[in-house]
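Atoms within a ligand are numbered from 1 in the order they appear, just like the ligands themselves.
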Amino acid sequence: MKIIKEIDKDILTLGACLIPTMGALHAGHIQLIKEGKKLKLPLIVSIFVNPIQFNDKDDFANYPKTIDKDIEILNNLQVDYLFIPDSEYIYPSNGFESIDSGELGRKYEGESRPGHFDGVLTVVNRLFELIEPKAVIFGKKDAQQLFLIKKLVLDKKYKIQIIECKTVRDSNGLALSSRNILLSKKGENIATSIKKLLNETKKNFLTSKDIENSLIEARDKLSTKNLKIDYLEILDYETFCKPTKISNSYIIVIAAYVEGIRLIDNLDFQLEETL
Ligand code: PAF
């Protein structure tokens with residue numbers, strides 16, 4: 001594996017598959033890399049803890065950093081390139097394009113983390129400009145991020161294939177996230193209620209077809225006080241908005257705090273699904 005801090009023209013001609021990350025790699029990232037290897041394209045993993053997507057300075061400062069372990073993982077997986085740019089390379093002082101994530105970027109995750117999606121789209125756009133990948137791989141755990149990146153690719157008419165990978169969970173159903181290492185064992189245990197709550201909400205909704213009541217019931221059933229819900233919504237999967245009419249596919253999105261750590265998860269499903 002070649003570790004690079006800048007992109008040279010030789011890489012551009014390769015038509016690579018890019019996996020953007022902020023490091024602190026876990027089994028979820030490994031799954032993305034395994035998917036990437038199937039494409040038989042040169043594989044570039046980027047590690048850049050993007051300062052402009054953090055609205056909270058402490059969250060940025062505390063974001064887990066495990067670069068030596070990350071390099072070992074990527075070496076073992078025989079990734080072709082590890083791109084670790086400096087901030088000045090991504091955000092040159094002579095200017096770069098800032099992307100506005102629009103109305104949707106200010107809802108759900110964006111409401112609690114003002115500017116977050118502008119920062120995500122700006123860095124992803126910079127990575128696309130610099131690397132010109134043929135394909136890019138994202139996890140479905142960050143569903144709103146994925147939705148907005150797909151929109152960016154359409155708006156900018158990028159010829160980039162987006163590959164979506166299903167959320168990887170631990171044996172208790174907790175979605176893997178770099179932030180999980182900040183939880184105590186007890187916290188991890190509490191966090192498993194998130195997936196249970198998603199399943200509960202889906203079941204209530206498929207039975208009643210009543211969004212508001214399903215959400216109220218799910219919240220009432222939440223048995224632990226140690227988990228603070230920020231939002232829990234049932235959205236139209238196609239528009240990522242609150243449904244205005246019956247849709248065929250839905251997504252339940254949740255953000256919750258456990259031990260002060262913000263965790264997100266989601267569950268998408270078809271209306272026709274049997275319970
Ligand atoms: O999902 C992430 O890890 C980040 O938001 C991303 C896409 C690498 C941009 O910094």
**Student:** Specify side chain, backbone, both or neither for T21, according to which of its non-hydrogen atoms lie closer than 4.0 Å to ligand 1.
**Tutor:**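 The part of T21 near ligand 1 is the backbone, not the side chain.
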**Student:** Would you mind listing which atoms of ligand 1 come within a distance below 4.0 Å of any non-hydrogen atom of P20?
**Tutor:**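 Matching atoms, with element in brackets: 8 (C).
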**Student:** Which atoms form the tightest heavy-atom contact between L25 and T66, and what is the distance?
**Tutor:**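 Closest approach of L25 to T66, heavy atoms only: N-OG1, 4.1 Å.
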**Student:** Write out the residue and atom name of the closest protein heavy atom to atom 5 (O) of ligand 1, then the distance separating them to 0.1 Å.
**Tutor:**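 Ranked first by proximity to atom 5 (O) of ligand 1 is Q145 OE1, 2.7 Å.
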**Student:** Return the minimal non-hydrogen interatomic distance between P85 and I47, and the atom names on each side.
**Tutor:**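 Of all heavy-atom pairs spanning P85 and I47, the closest is CD-O, 3.6 Å.
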**Student:** Holding to salt bridge (charged side-chain N to carboxylate O under 4.0 Å, His left out), I want the full list of residues that pass it with K157, two or more places apart in sequence or in another chain.
**Tutor:**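 For K157, no residue satisfies salt bridge (charged side-chain N to carboxylate O under 4.0 Å, His left out) once neighbours in sequence are set aside.
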**Student:** Ignoring hydrogens, what is the shortest heavy-atom contact between L104 and F240? Give both atom names and the distance.
**Tutor:**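 Minimum heavy-atom separation between L104 and F240: CD1-O, 3.6 Å.
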**Student:** To the nearest 0.1 Å, how far is atom 3 (O) of ligand 1 from its closest protein heavy atom, and which atom is that?
**Tutor:**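 For this ligand atom, the closest protein heavy atom is M22 CG, 3.8 Å.
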**Student:** Check whether any N or O atom of Q53, backbone or side chain, sits under 3.5 Å from an N or O atom of ligand 1, and answer yes or no.
**Tutor:**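 For ligand 1, there is an N or O atom that lies under 3.5 Å from one belonging to Q53.
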**Student:** Can you list the ligand 1 atoms lying under 4.0 Å from a non-hydrogen atom of V123?
**Tutor:**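 With V123 as reference, the close atoms of ligand 1 come out as 9 (C), 10 (O).
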**Student:** Any non-hydrogen side-chain atom of V45 less than 4.5 Å from a side-chain atom of T21?
**Tutor:**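 Contact flag for V45/T21 side chains = yes.
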